[in-house]
Amino acid sequence: MAYIMDTNEEERAKGITVEVGRARFETETTRFTILDAPGHKSYVPNMISGASQADLGVLVISARKGEFETGYEKGGQTREHVLLAKTLGVSKLIVVVNKMDEPTVNWSKERYDEIESKMIPFLKGSGYNVKKDVQFLPISGLVGSNIKTRVEKSVCPWWNGPCLFEALDSVDIPARDPKSPFRMPIIDRFKDMGTVVMGKVESGSIREGDSLVIMPNKVNVKVLSIYVDENKVRSAEPGENLRVRLSNIEEEDISSGFVLSSISKPIPVVNEFIAQLQILELLDNAIFTAGYKAVLHIHSVVEECEIVELLQQIDLKTRKPMKKKVLFVKNGASVVCRIQLSNMICVEKFSDFQQLGRFTLRTEGKTVAVGKITDFNA
């Protein structure tokens, strides 16, 4: 399956997904865009850009002996992906236990139950409400069992639940506001009879002929045409993945992380903000203090940043700020701090706009903290 989704030759040769693959399919009631995010730890930044556009996550776990354990143990990728998905706003999760047809597993209920019982405490610890927001189901991707139609009782007598498509259809996706100011973070751009940008509409609506502005460089543009998949459409609402052809701007004047937004209320542009951070796990011997440098990932932006001031530590029990002055914090702490960037970026406060106000901090290829923007510096 990965071989089909991985479109470039390098990925096929290596056998690992590097870029975020895109594909589309439809069930009887819904159109879905799949963002096939890489699982390999070298390519987590690409996984972040995929997850930050998603409404719903499908976490694929291998039932094969040893493979689940490798991903799940301390430092394994399954853990980092679950934490990142939660921080990036993927509030609903379907956990599919794959390779159930593998000879050593052979649709074993014991193995399935063992994986589920190990994953549940971890998912709870990552902030998921397992009863409400998480669904487990067994599948075999290779032979297509329990994906589009329910698995045969002769193959798996103990499973009475839905197949993957039914589970996908039953998930309630949080509603976005089509009337709020337009926001579309740009993940890619290319030349094609003009300049075309790609991204997902996070809020507001877009129509052919609209005048919009690209931030942070404040260039006014006009919408020439809008495409969903290969189909040209007149207008689009929030949640759609689009390609938009624009006039009045060259492709080289746009970078990923720029945001197409409404002129009347453009997205704020800052190079410093105040945020509440949750420290996950610092590198060995690292101290989180003023002067700490990391790489910030927020929607499609990747920028180097520096913590310039720790303002308050939050008491984890009461969730209230502590009185005493804070100079440094350790793993697991929650802290309010001031973060500075070398460049101007487009972001929103978390309270105004969750999707564009939550971020992760990474150091040397490891996620060290997750956070949300609480204020901009006046």
Side-chain angles (χ1 to χ4, degrees), residues 5-8 10-11 17-24 33-38 43 45-54 88 181-263 266-269 295-304 341-348 355-356 359:
M5 291 289 284
D6 294 341
T7 47
N8 73 33
E10 180 198 3
E11 291 185 314
T17 308
V18 178
E19 297 294 332
V20 173
R22 283 170 174 271
R24 296 183 164 74
T33 301
I34 309 179
L35 299 157
D36 173 26
Y43 305 113
N46 294 359
M47 180 266 168
I48 291 175
S49 87
S52 65
Q53 300 163 58
L88 295 163
F182 186 74
R183 299 283 184 266
M184 185 180 107
I186 294 167
I187 49 172
D188 205 357
R189 78 280 185 243
F190 56 90
K191 262 194 173 64
D192 177 13
M193 292 160 37
T195 301
V196 179
V197 294
M198 284 170 66
K200 176 179 165 200
V201 181
E202 291 295 358
S203 92
S205 307
I206 181 171
R207 300 187 76 84
E208 250 179 43
D210 276 357
S211 294
L212 295 169
V213 61
I214 287 193
M215 301 295 280
N217 54 358
K218 300 194 173 101
V219 179
N220 286 352
V221 292
K222 195 159 179 176
V223 176
L224 299 176
S225 48
I226 305 167
Y227 293 87
V228 175
D229 307 340
E230 302 305 312
N231 307 324
K232 195 169 177 206
V233 293
R234 299 283 305 272
S235 64
E237 301 235 308
E240 291 282 12
N241 281 276
L242 305 179
R243 286 179 317 183
V244 182
R245 185 173 285 120
L246 303 171
S247 67
N248 197 34
I249 190 160
E250 291 302 317
E251 170 216 14
E252 52 269 19
D253 298 330
I254 304 173
S255 301
S256 79
F258 284 16
V259 178
L260 193 56
S261 65
S262 54
I263 292 177
I267 187 167
V269 177
V295 178
L296 172 94
H297 292 258
I298 184 162
H299 62 85
S300 49
V301 173
V302 182
E303 273 295 335
E304 292 195 355
L341 298 120
S342 36
N343 293 312
M344 302 301 269
I345 61 165
C346 302
V347 292
E348 296 269 9
Q355 240 44 34
L356 304 174
F359 62 90

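What you find for Val201 and Phe182 is that their closest heavy atoms are CG1-CE1, 3.6 Å. Residues Val197 and Leu260 approach most closely at CG2-CD2, 4.4 Å, considering heavy atoms. Taking all atoms of both residues into account, the shortest heavy-atom contact from Ala236 to Ile226 is CB-CG2, 4.4 Å. Taking both residues in full, the closest heavy atoms of Ala54 and Gln355 are given as O-NE2, 4.4 Å, listed atom of the first, atom of the second, then distance. Taking both residues in full, the closest heavy atoms of Gly199 and Met184 are given as N-CE, 3.8 Å, listed atom of the first, atom of the second, then distance. Closest non-hydrogen pair, Tyr227 versus Arg245, comes out as OH-NH1, 3.4 Å.
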Practice item. Evaluate the side-chain contact (heavy atoms from CB on, under 4.5 Å) criterion for residues Ser211 and Asn220: first the C-alpha distance (whole Å), next the side-chain angles of each, then the deciding distance (0.1 Å), finally the verdict. Key: CA-CA 7 Å; Ser211 294; Asn220 286 352; over 6 Å; no

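More than 12 non-hydrogen atoms from other residues, nucleotides or ligands lie less than 6.0 angstrom from CD of Glu251. Around the NZ atom of Lys218, the shell of radius 6.0 Å holds no more than 12 heavy atoms that belong to other residues, nucleotides or ligands.
Remark: the backbone N or O of Val223 is not paired with any side-chain donor or acceptor of Arg207 at under 3.5 angstrom. The backbone N or O of Ile186 sits less than 3.5 Å from a side-chain atom of Ser300, completing a donor-acceptor pair.
Salt bridge status for Arg183 with Glu202: absent, with no side-chain N to carboxylate O gap under 4.0 Å. Using a 4.0 Å cut-off between charged side-chain N and carboxylate O, Glu252 and Arg189 make no salt bridge.
Partner Met198 forms a side-chain contact (heavy atoms from CB on, under 4.5 Å) with one of Val244, Asn241, Ile187, Leu242 and no other, that one being Ile187. Among Pro185, Pro216, Ser261, Pro181, the one residue that satisfies the side-chain contact (heavy atoms from CB on, under 4.5 Å) test with Ile267 is Ser261. For the side-chain contact (heavy atoms from CB on, under 4.5 Å) with Ile345, the lone residue among Val259, Ile298, Val269, Val302 that qualifies is Ile298.
Note that the CZ atom of Phe258 and the NE2 atom of His299 stand 11.0 Å from one another [nearest 0.5 Å].
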